[in-house]
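To start, the structure under review is shown below, and the notes come after it.
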Amino acid sequence: MPFSKLGLSDALIKIVAEQNYTQPYPIQQQAIPAILEGKDILGIAQTGSGKTASFVLPILQKFQDGVGSKNRHIRALVLVPTRELAIQVSEVFKTLSAQLPQKVKSLAVYGGVSINPQMIELQDVEILVATPGRLLELISTNAVSLSAVKILVLDEADKMLNLGFKEEMGKLFGLLPKNRQNLLFSATLSDDLNNINKNLLKNPVVVKVEEEIKNLDLIKQFAYLIAEEKKGPLLRYIIKSQKIKQVLIFTSSVHRADAVALKLNQNGIDAFAIHSKKSQEGRNQALDFFKTGKVKVLVATDLMARGIDIKFLPYVINYELPRSPKDYIHRIGRTGRAESSGEAISLISPADEHHFKVIQKKMGKHVTKIDGNAIDLKGY
Ligand code: AMP
């Protein structure tokens, strides 16, 4: 089914073609016509499924059609869990609306940076992408009003609950006008989230995409069996010997992410760590340098890696395994996206072996093992 069959305007169809979106992704095929019809949506989808454009395109279309007031009030509110996702989603709004005949101003607001520039920029904003805490702060200083919101989007709602935003979200729901359209996107559905669905969504159209399964076959997976204390040298050996140009490395803690990045830098491999304890500027810069190829290694915790959208990531390395098999699949799904194959490498210490067996069983795939202890790591 082509984009032209989804009910979008010619201007938007032209814009998606310029983005090289040849065909709508499954979530877009299902969600776009339903959103245009004014239905509520429950979208079960992950990053990489094309979920952002599935709500951005119909929202832009509705605004061109004149939904809501013309008084430059906030008409669409997108709540997101992290600053990175806020920036990313607002960039999609900006990119896809740049050529539209009727201009729409969108803005990302998030905590961790000074509030004043955001207050100034809020003027004339019609689409606001926000993390819940900062939005409440802005409301409390009367910098923003939600009274004209016609469309509410909750993006990565499961993550928002995991990060403890339940109370803030409740407060925000209470400040929104009753008569509005609700679009909720989440990778998983917990009991908490089901309660929110019940209170928030009216006869939602349920859109579900099993994105990870499709990707797994595109990913070459390897595991190196290695003594814990040799993980650092082995990592440097892999990056150097395979001439890796871009790799996202996962660690289990902020402290370890910093330590791994530091060691890589000390050994002549440019690396940045990205995690919740870094300043916002540091995080933006790390992401920007990584995306543009100025730095080839990004060392991340699971939280920060979520939502990082890079068109093609050739390598993912699990320096440490995640606790849940789902997170493992999510991590390796960062490579092999968009029909390109990628490689996922895990460093498995003796203590990790049992857990790695469980992960393979849950994933339904056997991962080829390499004896890392037999590799000569002298000089690394
Ligand atoms: P998302 O799941 O929203 O993070 O989107 C994942 C990536 O897919 C982004 O880089 C989008 O630009 C890209 N994308 C979204 N829709 C399409 C499409 N129909 N065709 C090709 N790429 C797309």
Side-chain angles (χ1 to χ4, degrees), residues 1-8 12-33 35-36 41-61 76 78-99 106 108 127 129 153-160 183-188 207-215 218-219 246 248 287-288 290-293 300 303-314 316 329-340 342:
M1 187 197 284
F3 269 105
S4 56
K5 289 267 155 58
L6 300 180
L8 296 169
L12 279 170
I13 291 169
K14 191 161 160 255
I15 290 166
V16 292
E18 278 164 8
Q19 293 298 309
N20 292 324
Y21 293 6
T22 43
Q23 283 270 67
Y25 285 165
I27 189 159
Q28 295 161 356
Q29 290 184 23
Q30 296 171 63
I32 292 173
I35 297 172
L36 288 174
I41 296 280
L42 172 59
I44 310 298
Q46 319 235 356
T47 299
S49 59
K51 68 179 163 63
T52 317
S54 83
F55 63 80
V56 169
L57 288 168
I59 288 176
L60 291 174
Q61 166 88 52
V78 185
L79 290 180
V80 295
T82 62
R83 303 149 199 199
E84 281 71 18
L85 195 59
I87 294 169
Q88 198 166 294
V89 169
S90 87
E91 270 169 13
V92 177
F93 271 110
K94 287 193 166 75
T95 310
L96 296 181
S97 68
Q99 319 277 338
S106 51
I127 298 171
V129 186
V153 183
L154 302 184
D155 196 7
E156 302 201 353
D158 51 348
K159 206 74 204 175
M160 271 195 277
L183 316 174
L184 190 151
F185 294 87
S186 181
T188 53
V207 180
K208 199 170 179 177
V209 282
E210 308 280 356
E211 181 251 340
E212 303 292 5
I213 306 299
K214 178 193 80 190
N215 275 343
L218 287 171
I219 303 163
Q246 195 185 36
L248 180 60
L287 202 53
D288 191 47
F290 186 60
K291 280 187 175 183
T292 54
L303 179 60
M304 278 307 117
R306 199 183 175 108
I308 292 177
D309 172 37
I310 293 166
K311 285 259 178 312
F312 175 58
L313 199 52
V316 162
I329 293 172
H330 189 253
R331 282 183 181 186
I332 68 166
R334 311 314 313 266
T335 175
R337 305 170 81 196
E339 284 81 46
S340 325

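All residue numbers refer to positions in the sequence shown, counting from 1. One-based numbering, in listed order, for ligands and for the atoms of each. The structure displayed is predicted, hence computed values, not measured ones.
- Under 4.0 Å from ligand 1, the heavy atoms of Gln23 that appear belong solely to its backbone.
- Summarising the geometry, atom CG belonging to Leu287 is positioned 7.5 Å from atom CD belonging to Gln88; distances are rounded to the nearest 0.5 Å.
- Listed by chain and residue number, Met1, Pro2 satisfy the side chain to side chain contact (heavy atoms under 4.5 Å, CB included) test with Lys5 (two or more places apart in sequence, or in another chain).
- For Arg83, there are no salt bridge (Lys or Arg N to Asp or Glu O under 4.0 Å) partners two or more places apart in sequence or in a different chain.
- Contact annotation: for Phe185 versus ligand 1, there are no heavy atoms closer than 4.0 Å.
- Residues Ile41 and Leu184 are not in side-chain contact: their nearest non-hydrogen atoms beyond the backbone lie 4.5 Å or more apart.
- Taking distance alone, with nitrogen or oxygen atoms compared against 3.5 Å, Asn20 stays at or beyond that limit from ligand 1.
- In the vicinity of Thr52, heavy-atom distances shorter than 4.0 Å reach the ligand 1 atoms 1 (P), 3 (O), 4 (O).
- Taking only nitrogen or oxygen atoms, main chain and side chain alike, Gly50 reaches within less than 3.5 Å of ligand 1.
- Considering backbone and side-chain atoms together, Gln28 places an N or O closer than 3.5 Å to an N or O of ligand 1.
- The minimum heavy-atom distance between Ile32 and Ala53, with the atom names listed, is CD1-O, 4.4 Å.
- Using a 4.5 Å cut-off on side-chain heavy atoms (C-beta onward), Val80 and Val129 make contact.
- Each of the atoms 19 (N) of ligand 1 lies under 4.0 Å from some heavy atom of Phe3.
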